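Here the structure comes first, spelled out in structure tokens, and everything after it is commentary.
Since the model is a prediction, treat every value here as computed from it, not as a measurement. Just so you know, residue 1 is the first one in the sequence shown, and it goes up from there. Computation of the quantities below employed the complete heavy-atom set of this structure, encompassing side-chain atoms and omitting hydrogens, waters and symmetry-equivalent molecules.
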Amino acid sequence: VSAMADATHIAQRHFGARSAQYAHALRYHGQAARMVGDYGTAIERLEQALAIQRALAETDQRLIATVWYNLGQTRKQAGDIDGAAKAYQSALDAAARDPDPVRPTRAVVLHSLANLERERGNRARAIELYAQVRPQFEKFYGADSPTLATLLNNYGEAEAHSGNFADAA
């Protein structure tokens with residue numbers, strides 16, 4: 001994490017505090033901080049990256065969606081479930097503006113939001129989201145993918161806990 005902090009400072013000095021390069025460095029610093037459990041720093045860096053990227057007209061919406069997604073993951077790990085849900089929704093909003101429909105960004109965010117809703121006990125909402133994600137994961141990852149298998153496991157668990165045993169099977 002200290003190396004990422006150093007890289008962030010170098011990017012700020014070299015490219016400027018409003019540059020895409022500095023925003024990228026902040027995002028990576030935030031991700032590294034999350035990995036070691038420093039959620040406060042992670043959230044701060046990711047929010048700084050978002051502010052810069054949203055101000056840059058040329059910013060790719062997928063990048064904004066990715067930062068929102070990482071912020072959602074961080075907030076979830078920090079125990080801020082409502083904040084995580086809001087960040088995931090912002091990631092979906094940004095992903096919807098991505099002109100490249102081939103990228104799986106939206107599906108990955110939907111899957112995380114479905115997992116969050118399942119964990120919150122909102123099984124009906126989770127099932128609805130899993131149903132949206134399934135065809136996208138089949139398309140992006142293939143029928144034999146471990147990523148699809150994880151989705152189907154989570155989907156089946158939500159169905160079973162809702163009493164929909166036939167659908168869970």
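When hydrophobic residues (I, L, V, M, F, W, Y) are linked wherever their side-chain heavy atoms come within less than 4.5 Å, the members clustered with M4 are Y28.
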Could you list the donor-acceptor pairs under 3.5 angstrom formed between side-chain atoms of residues 36-44 and any protein atom two or more places apart in sequence or on another chain?
{"from": "D38", "atom 1": "OD1", "to": "T41", "atom 2": "N", "distance (Å)": "3.3"}
{"from": "D38", "atom 1": "OD1", "to": "T41", "atom 2": "OG1", "distance (Å)": "3.1"}
{"from": "D38", "atom 1": "OD2", "to": "T41", "atom 2": "OG1", "distance (Å)": "2.8"}

Mind listing the side-chain donor-acceptor pairs of residues 144-153 below 3.5 Å, one per line with the distance, residues two or more places apart or on another chain?
{"from": "S145", "atom 1": "OG", "to": "T147", "atom 2": "N", "distance (Å)": "3.0"}
{"from": "S145", "atom 1": "OG", "to": "L148", "atom 2": "N", "distance (Å)": "3.4"}
{"from": "T150", "atom 1": "OG1", "to": "P146", "atom 2": "O", "distance (Å)": "3.1"}

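Here the closest non-hydrogen pair linking A95 and A65 is N-CB, 3.8 Å.
For residues 67-87, every residue pair satisfying the side chain to side chain donor-acceptor pair (under 3.5 Å) rule, not counting sequence neighbours, is listed here: Q31-N70, R34-N70, R34-Q77, E47-R75, Y69-Q73, Y69-S112, Q73-Y88, R75-D80, K76-E119, D82-R120.
Applying the side chain to side chain donor-acceptor pair (under 3.5 Å) criterion to Q89, with sequence neighbours excluded, gives D93. Residues satisfying the side chain to side chain donor-acceptor pair (under 3.5 Å) criterion with E138, sequence neighbours excluded, are R134. Partners of A17 according to the side-chain contact (heavy atoms from CB on, under 4.5 Å) rule, which considers only residues two or more places apart in sequence or in another chain, are Q12, Y22. Contacts of A107 classified as side-chain contact (heavy atoms from CB on, under 4.5 Å), with partners at least two apart in sequence or in another chain: Q136, F137, F140. Residues satisfying the side chain to side chain donor-acceptor pair (under 3.5 Å) criterion with S90, sequence neighbours excluded, are absent altogether. With sequence neighbours excluded, the residues forming a side chain to side chain donor-acceptor pair (under 3.5 Å) with R125 are E128, listed by chain and number.
The side chain to side chain donor-acceptor pair (under 3.5 Å) with Y130 is formed by just one residue from the set E159, R118, R123; it is R118.
Taken together through direct or relayed side-chain contacts under 4.5 Å among Ile, Leu, Val, Met, Phe, Trp and Tyr, I10 and I52 form parts of separate hydrophobic clusters. L26 and F15 are assigned to two separate hydrophobic clusters, defined by single-linkage of ILVMFWY side chains at heavy-atom distances under 4.5 Å.
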